[in-house]
Amino acid sequence: SRRSSHSRVRRALASNPPFFKRPHYNVNVKEEGNKQHTVTSVQATDPQGYDLTYTMVALVDSRSQDMFAIDPNSATITTNDKLDREFMDVHYLRIVATSNDSPQMSATTTVQINVEDVN
């Protein structure tokens, strides 16, 4: 019947986790930019419309963790310090978007930040 198929669709939608448009983002940023420089924003979508909270973890080199920050509400990634290509020319970050419902569901993407030389 029409009613039962509609409720099945609603149940199926209710169980869908948030998602990012891409599994990997590649961003270039110039070295020696100002502290708090906006690198990029990588927002996910929650099919149920719940707010998402964003966290970030450095993947390859733990020093990257201290060099960047992510806004937990907007998913905007900024620099915590001036970047130096000679110190580290690429950073890999895992971004997790977690839904603010119960049970919590999450989505993951990676961001590769390439530091460009200004000289």
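The chain is numbered in sequence order, starting from 1. Being a predicted model, the structure only gives us computed values, none of them experimental.
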[X] (side chain) donor-acceptor with [Y] (main chain) under 3.5 angstrom:
X: S99; Y: Q104; value: no
X: Q43; Y: L52; value: no
X: T78; Y: H37; value: no
X: E31; Y: D117; value: no

Going only through I, L, V, M, F, W and Y residues with side-chain contacts under 4.5 Å, is there a path from V27 to L83?
->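 Both belong to a single hydrophobic cluster.
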Same apolar cluster (I L V M F W Y, side chains within < 4.5 Å links), V90/F87 =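 Different hydrophobic clusters.
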For the pair R94 and M56, evaluate side chain to side chain contact (heavy atoms under 4.5 Å, CB included) and give the outcome as yes or no after the intermediate values.
-> CA-CA 6 Å; R94 174 181 292 130; M56 173 191 81; over 6 Å; no
[X] and [Y]: which non-hydrogen atoms are nearest, and at how many Å?
X: A97; Y: F20; result: CB-CZ, 3.8 Å
X: T98; Y: S106; result: OG1-CB, 4.0 Å
X: D61; Y: A58; result: O-CB, 3.5 Å
X: S64; Y: H91; result: OG-ND1, 2.7 Å
X: D101; Y: M105; result: OD1-N, 4.3 Å

Supply the atom-to-atom distance R22 CZ to T109 OG1, rounded to the nearest 0.5 angstrom.
->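 Rounded to the nearest 0.5 Å, the CZ-OG1 separation comes out at 8.0 Å.
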Measure the CG-OH distance between N26 and Y92 for me, rounded to the nearest 0.5 Å.
->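 Answer rounded to 0.5 Å: 8.0 Å.
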Applying side chain to side chain contact (heavy atoms under 4.5 Å, CB included) between I95 and each of T108, I77, T110, report the one that passes.
->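 Answer to the side chain to side chain contact (heavy atoms under 4.5 Å, CB included) test with I95 among T108, I77, T110: I77.
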Output yes when E116 and K30 qualify as a salt bridge under the 4.0 Å nitrogen-oxygen rule, no when they do not.
->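 K30 and E116: salt-bridged.
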Please tell me if the side chains of [X] and [Y] come closer than 4.5 Å, counting only heavy atoms from C-beta onward.
X: L59; Y: L93; answer: no
X: M67; Y: T79; answer: no
X: N114; Y: Q112; answer: yes
X: F19; Y: P47; answer: yes

Evaluate the criterion side chain to side chain contact (heavy atoms under 4.5 Å, CB included) for residue pair V111 and V42; output intermediate values, then yes/no.
-> CA-CA 9 Å; V111 175; V42 289; 4.0 Å; yes
D51 and N100: side-chain donor and acceptor closer than 3.5 Å?
->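 No, no side-chain donor-acceptor pair sits under 3.5 Å.
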Please determine, by modelled atom types, if D66 and N80 share a side-chain donor-acceptor pair under 3.5 angstrom.
->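 N80 and D66 do not have a side-chain donor-acceptor pair below 3.5 Å.
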Go through V115 and M88 one step at a time and tell me if the side chain to side chain contact (heavy atoms under 4.5 Å, CB included) criterion holds.
-> CA-CA 8 Å; V115 181; M88 197 179 309; over 6 Å; no
Assess whether side chain to side chain contact (heavy atoms under 4.5 Å, CB included) is satisfied between V96 and Y54, documenting all intermediate values.
-> CA-CA 6 Å; V96 179; Y54 298 90; over 6 Å; no
Just wondering, are more than 12 heavy atoms of other shown residues or ligands nearer than 6.0 Å to OH in Y25?
->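 Enclosed.
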